[in-house]
Amino acid sequence: MTTLSVSGKLKAAVLGAAGYSGAELAVMLSRHPHFELSYAFASAGRAAEPFSKLYPRHQAVVDIQVEPWTDDRAETLDADVAFLALPHEVSEAVTPLLLAKGIAVFDLSGAFRLKDPALYPKYYGYEHLHTDLLEQAVYSLVEWLDKPLPQLVSVPGCYPTACSLALLPVLKAGLVADGCIPVINATSGVSGAGRKAALNTSFCEVGLNAYGFFKHRHRPEIEQNLGRKVVFTPHLGNFKRGILATSVVTLKAGVTAEQVKAAFDSAYAGKPLVRLVSHSPNVADVAGTPFCDIHWQQDAEQLVIVSAIDNLLKGAAAQALQAANLKFGFAETAGLFAGVPNE
Ligand SMILES: NC(=O)C1=CN([C@@H]2O[C@H](COP(=O)(O)OP(=O)(O)OC[C@H]3O[C@@H](n4cnc5c(N)ncnc54)[C@H](OP(=O)(O)O)[C@@H]3O)[C@@H](O)[C@H]2O)C=CC1
Ligand SMILES: CC(=O)N[C@@H](CCC(=O)OP(=O)(O)O)C(=O)O
C-alpha cells in the first residue's frame with residue numbers, strides 16, 4: 001500500500017546513500033516530481049551527518065541527514081520504496097525486512113540478479129540464503145522487460161547493462177550465427193569500484209588493465225540475459241565514470257546491413273534512453289547522463305557493436321529510478337536528468 005507524503009509524493013529511502021551510486025539516487029530523488037527523499041542511510045559505523053557534508057557540491061541543495069543504518073530501523077521506516085545501494089550480502093539480508101513492511105525494494109546490488117542459486121558461491125563467494133526471493137525478483141533491464149515489476153526489483157549490473165543493450169537486438173532478431181560466442185571487452189572508470197579506498201583502485205595506481213578473466217560475477221549475468229555463453233573481459237581505466245563496451249559477434253551467412261539496422265531500430269523505437277548514434281560512442285558523451293549510446297559496424301558476417309553508459313547512472317542509479325518510474329506509472333525518464341555528477 002502506498003502512503004503519500006504531505007507533498008503528495010511517494011516516500012523514498014536510500015540505503016548506502018554515502019556511496020557513489022546511492023549518492024546519485026539521493027540527488028535525483030531530492031528533485032523528483034513524484035518521489036520524495038525521506039531517508040538516507042549509511043553504515044552503522046558512521047555518525048549521522050548531512051549529505052552535503054559527504055558531498056559538498058550539494059550544500060544548500062541536498063542537506064538531508066544521512067543516518068547510520070541498523071536493521072531495527074526497518075520496523076519504523078515510513079517509506080513506500082527503498083533503493084538499496086549496498087554490498088551484495090548486506091542487500092540480501094536487509095531486503096526481507098523491508099519486504100515484510102510492504103516497502104517496494106529496488107536493489108542495485110547483485111544479490112537477486114541470478115536465477116540459479118548455485119552460481120552465487122562460484123561468482124559471488126557466498127551461499128545465497130533467500131532463494132525464494134531469487135524466484136520472486138524481476139530483473140529490470142527496462143528496455144527489454146516483458147513482465148510487470150513486482151515488490152522486489154533487481155537492477156541490472158553496470159557491465160551487463162552496457163553489453164546486453166548492445167547485443168540483444170541482433171540476438172533476439174535471430175541474426176547471430178548458431179554457436180557464436182559473443183566476445184565482450186569493456187572498460188570501466190574507477191567509480192565502478194565504489195567510494196571505499198583500496199590500493200588497486202586508488203586513482204594514482206590505475207592505468208589501463210584487464211581483470212576478472214572468465215570469473216567476473218557479471219559473466220553469468222550477461223549469459224542469463226543473452227541466453228548463450230560469452231567471453232567477457234572487464235578492464236579498469238584511469239577515468240572517473242563511464243563504461244565503454246565493445247561486443248563482437250559472427251552473424252548468420254547472408255545477413256544484410258539493412259537487417260541489422262532494422263533489428264536495432266525496432267528494438268529501440270520509442271525507448272528514450274537508448275541513442276543509436278552514427279559516431280563511435282565516447283564515455284565523455286554519456287558521463288552524467290542516463291543514456292546508453294550504441295553504434296555498430298559490419299563487415300560481411302562480422303559485427304562489432306560499441307556501447308557507452310555512465311556506470312553510476314544508466315548502469316546503476318538512473319536505471320533503478322527508471323524502473324521505479326515504470327512501476328509506479330510515472331514517465332520513464334521523470335527525474336532522471338536532475339542529477340549533478342559527483343565529479
Ligand atoms: N559503482 C558502480 O558503478 C555500480 C555499483 N553497483 C552496486 O551498487 C552497490 C553500491 O555500490 P557503490 O555505490 O559503488 O558502493 P560504495 O562503496 O560507494 O557505497 C556503499 C554504501 O553502502 C553502505 N554500507 C556498506 N555496508 C553497509 C552495512 N552493513 N549497512 C548499511 N550500509 C552499508 C556504505 O556506507 P559507509 O559509507 O558508511 O561505509 C556506503 O554508503 C553495490 O552492490 C554495487 O555492486 C551497481 C552498478 C554500478
Ligand atoms: C571498476 C570495477 O571495479 N567495477 C566493478 C563492477 C561495478 C559494480 O559495482 O558492479 P555491479 O554492477 O554488479 O553492482 C567490478 O568489476 O567489480
Side-chain angles (χ1 to χ4, degrees), residues 15-16 21 71 82-100 104-142 144-168 171-172 176 178-186 188 192-194 210-236 243 245 247 249 311 315-316 319-320 323:
L15 280 70
S21 42
D71 286 351
F83 294 91
L84 310 189
L86 299 168
H88 317 292
E89 283 178 274
V90 181
S91 263
E92 191 194 321
V94 169
T95 293
L97 309 177
L98 300 172
L99 293 178
V105 173
F106 291 79
D107 179 34
L108 279 73
S109 84
F112 302 103
R113 290 184 195 148
L114 302 177
K115 288 295 167 201
D116 179 358
L119 292 170
Y120 277 89
K122 182 166 177 198
Y123 288 98
Y124 281 80
Y126 65 88
E127 198 77 46
H128 208 288
L129 302 176
H130 295 93
T131 51
D132 53 324
L133 295 181
L134 286 183
E135 284 165 30
Q136 281 177 38
V138 166
Y139 182 84
S140 63
L141 188 64
V142 169
W144 291 91
L145 260 182
D146 56 5
K147 54 178 84 135
L149 291 172
Q151 194 188 353
L152 174 55
V153 174
S154 176
V155 182
C158 48
Y159 288 120
T161 296
C163 59
S164 301
L165 289 174
L167 285 162
L168 279 169
L171 281 165
K172 294 279 188 190
V176 176
D178 297 334
C180 160
I181 296 178
V183 175
I184 302 155
N185 290 304
S188 171
Y211 65 101
F213 301 91
F214 299 111
K215 63 176 193 305
H216 194 279
R217 66 182 185 281
H218 288 173
R219 176 186 178 188
E221 185 180 336
I222 297 165
E223 292 179 343
Q224 181 176 276
N225 292 351
L226 303 185
R228 63 171 75 197
K229 295 274 170 220
V230 297
V231 176
F232 166 60
T233 312
H235 297 63
L236 183 66
I243 285 179
S247 305
V249 288
N311 53 300
Q319 175 149 245

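Quick note: residue numbers are just sequence positions, from 1.
H130 places no side-chain N or O within 3.5 Å of a backbone atom of D132 that could act as its donor or acceptor partner. With hydrogens and angles ignored, the 3.5 Å screen pairs a side-chain donor or acceptor of K115 with a backbone N or O of L134. Checking side-chain atoms of R113 against main-chain N and O of V155 turns up a donor-acceptor pair under 3.5 Å. The main-chain N or O of H128 is never found under 3.5 Å from a side-chain atom of E92 such that the two would form a donor-acceptor pair.
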Problem set entry | Worked check of side chain to side chain contact (heavy atoms under 4.5 Å, CB included) between L168 and L141 | CA-CA 11 Å; L168 279 169; L141 188 64; 3.8 Å; yes
Problem set entry | E221 vs Y123, side chain to side chain contact (heavy atoms under 4.5 Å, CB included): CA-CA, chis, key distance, verdict | CA-CA 10 Å; E221 185 180 336; Y123 288 98; over 6 Å; no
Exercise. Where do L133 and L99 land on the side chain to side chain contact (heavy atoms under 4.5 Å, CB included) test, with the steps shown first?
Worked result: CA-CA 10 Å; L133 295 181; L99 293 178; 3.7 Å; yes
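Within the 4.5 Å cutoff, no side-chain heavy atoms of L167 are placed close to those of V230. Looking only at side-chain heavy atoms (C-beta outward), L84 and L98 come within less than 4.5 Å of each other. In this structure, V153 and V138 have side chains that are not in contact, with every pair of non-hydrogen atoms separated by 4.5 Å or more. A 4.5 Å side-chain heavy-atom check between S140 and L149 finds at least one atom pair inside the cut-off. Side-chain atoms of W144 and P156, non-hydrogen and from C-beta on, never get closer than 4.5 Å to each other.
Classified by interplanar angle (parallel below 30°, tilted 30° to 60°, perpendicular above 60°), the ring pair Y159/H218 is perpendicular.
Rounding to the nearest 0.5 Å gives a distance of 11.5 Å between CG of D116 and CD of E223. Here the OG atom belonging to S109 is positioned 9.0 Å from the CZ atom belonging to R217, to the nearest 0.5 angstrom. N185 contributes atom CG, which lies 5.0 Å from atom NE2 of H235 (distance to the nearest 0.5 angstrom). Interatomic distance, OG1 of T161 versus CG of N225, reported as 8.0 Å (0.5 Å rounding).
For the pair I181 and K229, the tightest heavy-atom approach, listed with the atom from each and the gap, is CG2-O, 3.6 Å. When all heavy atoms of L226 and S164 are compared, the closest pair comes out as CD2-CA, 4.2 Å. Nearest heavy atom pair, residue R228 against residue G179, reads NH1-N, 4.0 Å. Taking all atoms of both residues into account, the shortest heavy-atom contact from G110 to Y120 is O-OH, 2.7 Å. Closest approach of P182 to C180, counting heavy atoms only: CD-O, 3.4 Å. Residues A323 and F106 share a closest heavy-atom pair of C-CE2, 3.7 Å.
Here Y126 and H88 keep their ring centres 6.0 angstrom or further from each other.
Checking S91 against D107 by side-chain atom types alone, a donor-acceptor pair falls below 3.5 Å.
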